[in-house]
There are 2 protein chains.
Amino acid sequence: MAEIESGFSVALRESEGQILAVDYYFNSYAELGLQRLMVSDQPRTDAFAAAIKEALAGGETVIDVGTGSGLLAMLAAKAGAKRVYALDQSTVAEAARETVEKNGMGDVVEVLNANAVDFQVAEPVDLIVSEWLGHFGFAETMLDDVIECRDANLKEGGRMLPSGVELMLAPVNSSVLYEYEGPGFWKDEVHGIDFSHLEDRELEQALAIKTHVPSEDLIAEPKGLVKLDLAKASKEDVWQSGELEFEILRDGEMNGFAGWFVAELTPSVILDTGPEQPTTHWMQTYFSMKPVPVKKGDTIRLKYNLGRHPVETRSLLMHLAVGETSYSFTVG
Amino acid sequence: MAEIESGFSVALRESEGQILAVDYYFNSYAELGLQRLMVSDQPRTDAFAAAIKEALAGGETVIDVGTGSGLLAMLAAKAGAKRVYALDQSTVAEAARETVEKNGMGDVVEVLNANAVDFQVAEPVDLIVSEWLGHFGFAETMLDDVIECRDANLKEGGRMLPSGVELMLAPVNSSVLYEYEGPGFWKDEVHGIDFSHLEDRELEQALAIKTHVPSEDLIAEPKGLVKLDLAKASKEDVWQSGELEFEILRDGEMNGFAGWFVAELTPSVILDTGPEQPTTHWMQTYFSMKPVPVKKGDTIRLKYNLGRHPVETRSLLMHLAVGETSYSFTVG
């Protein structure tokens with residue numbers, strides 16, 4: 001029997017057999033192992049450090065939404081911010097406060113164990129920083145809180161960091177992802193037992209997988225779907241429908257799509273989490289599809305719809321359709 | 001922000017903001033991706049196939065507790081069982097039933113969407129097979145149900161498969177586990193910020209990590225702690241205290257313990273999930289501890305206590321003490 005993944009186990013607190021989803025989400029960030037995973041993600045941390053340095057001239061006021069370890073708030077202090085409000089709804093705020101004191105930044109960084117949605121600063125701030133990015137960019141739906149915080153607290157002409165985000169998709173032909181670690185596994189007998197009908201059953205469950213997509217498995221140029229300017233975006237701007245066309249670059253089969261995000265932290269600092277970039281803890285997202293043969297020069301028309309998941313409030317529901325075949329993926 | 005691991009996301013069903021832990025556990029096994037993870041784990045699958053073949057002469061009756069994909073039940077049918085009751089509380093039972101029919105075993109294997117604890121067969125059976133093993137052997141605490149099923153349904157002199165299990169521990173000196181992927185990470189500054197006090201804070205959170213332990217990082221011979229004969233064990237026999245002594249084989253530091261299980265499927269088929277064996281999906285468990293210097297020939301005395309977790313019913317609580325220093329690890 002496979003064990004339940006343990007990374008978030010401490011967050012699963014039961015009380016008379018019941019767990020609250022909201023506690024599950026915020027408590028998970030109290031784990032220092034999870035904070036370490038983020039802080040030690042060098043492409044992430046270095047990009048945010050460079051962007052914060054660039055965004056501040058000195059003397060600004062800043063809010064960090066979901067400060068976690070306090071890293072971004074302290075980087076803002078080091079870059080010359082006059083005042084930084086570091087908000088976190090998890091009990092990790094206590095550790096962040098200790099780190100701030102230890103680094104002698106207590107006169108600049110105020111760590112508040114607060115909900116970003118309820119937070120109201122006396123004077124609107126110059127900059128809101130937040131590392132709200134989840135799986136395929138928008139999973140965790142934390143951007144909602146950042147946008148509410150922006151509308152309540154950012155001064156006219158103030159800046160957002162990240163300043164923008166774009167979701168990317170590209171068709172893949174990947175034997176690793178589909179045949180060995182995906183639904184294609186079921187095609188071969190196991191000790192003489194035929195499980196082949198489970199290939200379609202697993203495809204129907206349509207769970208998008210967080211994984212490394214080998215860059216050589218992309219079979220067309222990536223295309224952007226949702227693109228947001230975070231100074232202006234509304235909470236509902238994330239949820240879009242559309243159609244993309246991909247020109248296939250070589251013969252083979254198409255067995256799904258890879259997805260990822262590119263965050264513009266500032267106009268000159270880009271955090272690209274795609275297959276051709278250094279690996280981040282977000283990796284990529286694989287949307288598996290029943291293989292179809294393709295030829296070089298073919299055009300693949302993909303219809304997409306990105307929406308909120310109807311029952312899992314921190315997840316996304318991604319509809320993808322190629323021709324007659326459509327899939328509804330949970331991205332959690 | 002790190003995303004919540006998605007492997008089990010479909011299991012997190014909310015109803016007015018509340019999730020039931022019991023649903024979370026069983027629903028996770030409805031995911032065919034999880035079933036695939038287990039079936040494609042070759043050391044696991046091959047060992048169970050060999051053991052089932054060896055345990056059956058032909059004509060026996062069998063119960064498979066938590067059948068999942070139905071693999072073990074079908075292997076029992078192929079090995080000559082006359083009748084196999086394949087129980088699963090998850091909706092995966094429906095897929096298993098389809099696989100049984102497709103493989104023409106419907107006259108031997110009966111898939112029942114049933115709770116093993118409530119199951120009562122008309123005539124006691126010859127063999128109970130179950131792949132109830134979790135992280136560090138006993139996580140998920142599924143053995144409780146297997147033992148209840150045994151007491152209600154196994155005939156006098158009937159057999160259990162696995163027939164036994166032993167937990168193993170060995171001290172490690174691992175820079176990968178402690179310094180790069182563990183609490184030791186916090187010792188180095190990040191962009192000029194001192195996080196060093198988080199090393200102790202993370203150690204206090206004491207989450208055991210499922211990971212690969214490099215076999216060359218073991219610094220003493222492994223020792224067994226809990227060892228059960230599954231024909232006789234009671235549910236409470238798992239929860240034991242004791243003391244172990246390890247003789248250190250080389251100079252260095254000790255920064256924790258590696259743990260794993262060895263399952264005796266039959267007396268001649270052993271499934272060893274230790275660092276020196278082929279990798280399984282269980283990997284090993286790393287219990288991180290503040291480094292202490294050790295010398296070749298030193299004796300390390302370890303006190304341990306393995307218990308049920310007081311709030312997380314599918315997790316273990318493992319107390320480990322070396323000298324004056326004690327830790328309470330959650331193994332989930």
Side-chain angles (χ1 to χ4, degrees), chain A residues 1-10 12-14 17-22 28 31-34 36-40 45 49 66 74-75 78 95 98-99 102-103 131-135 139-140 142 185 190-195 197-198 201-202 205 207 210 281 311-315 330 332, chain B residues 1-10 12-14 17-22 28 31-34 36-40 45 49 66 74-75 78 95 98-99 102-103 131-135 139-140 142 185 190-195 197-198 201-202 205 207 210 281 311-315 330 332:
Chain A
M1 177 149 283
E3 75 294 342
I4 300 277
E5 286 292 333
S6 64
F8 292 81
S9 59
V10 87
L12 278 172
R13 297 286 170 204
E14 278 182 72
Q18 299 198 320
I19 298 165
L20 295 180
V22 61
S28 67
E31 281 184 30
L32 290 169
L34 181 57
R36 173 167 45 74
L37 180 73
M38 294 187 285
V39 174
S40 66
T45 292
M74 288 183 279
L75 288 172
K78 283 173 74 83
E98 193 183 2
T99 309
K102 192 159 181 189
N103 284 275
E131 203 278 76
W132 53 265
L133 295 151
H135 195 195
E140 301 188 36
M142 182 181 156
F185 165 78
V190 178
H191 287 273
I193 296 167
D194 176 4
F195 285 101
H197 57 293
L198 297 187
R201 271 196 179 254
E202 188 177 334
Q205 289 190 342
L207 285 174
K210 179 189 144 192
H281 74 282
V311 285
E312 299 166 32
T313 55
R314 297 276 166 196
S315 299
T330 297
Chain B
M1 178 149 283
E3 74 294 342
I4 302 276
E5 286 293 333
S6 63
F8 293 80
S9 59
V10 87
L12 277 173
R13 296 287 170 204
E14 278 180 72
Q18 298 198 321
I19 298 165
L20 294 181
V22 62
S28 67
E31 281 185 29
L32 290 169
L34 180 57
R36 173 167 45 74
L37 180 72
M38 295 186 285
V39 174
S40 67
T45 292
M74 288 182 279
L75 289 171
K78 282 173 74 82
E98 193 182 1
T99 309
K102 191 159 181 189
N103 284 276
E131 202 279 76
W132 53 265
L133 295 151
H135 195 194
E140 301 187 34
M142 183 181 155
F185 165 79
V190 178
H191 287 274
I193 297 167
D194 176 5
F195 285 101
H197 58 293
L198 297 188
R201 271 194 178 258
E202 188 177 334
Q205 289 190 341
L207 284 174
K210 178 188 145 193
H281 75 282
V311 285
E312 298 166 32
T313 54
R314 295 276 166 196
S315 297
T330 296

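Computed from a predicted model, the values in this text were never measured in an experiment. In what follows, every chain begins at residue 1, and chains take the letters A, B, ... in the order their sequences are listed.
Distance check, rounded to the nearest 0.5 Å: CZ of B/F185 to CG of A/L32 gives 11.5 Å.
Contact annotation: the side chain of B/K78 never approaches that of B/N103 to less than 4.5 Å [non-hydrogen atoms, C-beta and beyond].
Between chain B and the options A/L75, A/V190, A/V39, the largest number of non-hydrogen pairs under 4.5 Å is found for A/V39. When each of A/H197, A/H191, A/R36 is checked for heavy-atom pairs under 4.5 Å with chain B, A/R36 comes out on top.
Listed for the A/E312 side chain is no donor-acceptor partner under 3.5 Å among the backbone atoms of A/G332. The closest donor-acceptor contact from the side chain of B/H281 to the backbone of B/M38 lies at 3.5 Å or more, if one exists at all.
For a residue to count as touching a neighbouring chain, one of its non-hydrogen atoms must lie under 4.5 Å from one of that chain's; by this rule B/D194 touches chain A with backbone and side chain alike.
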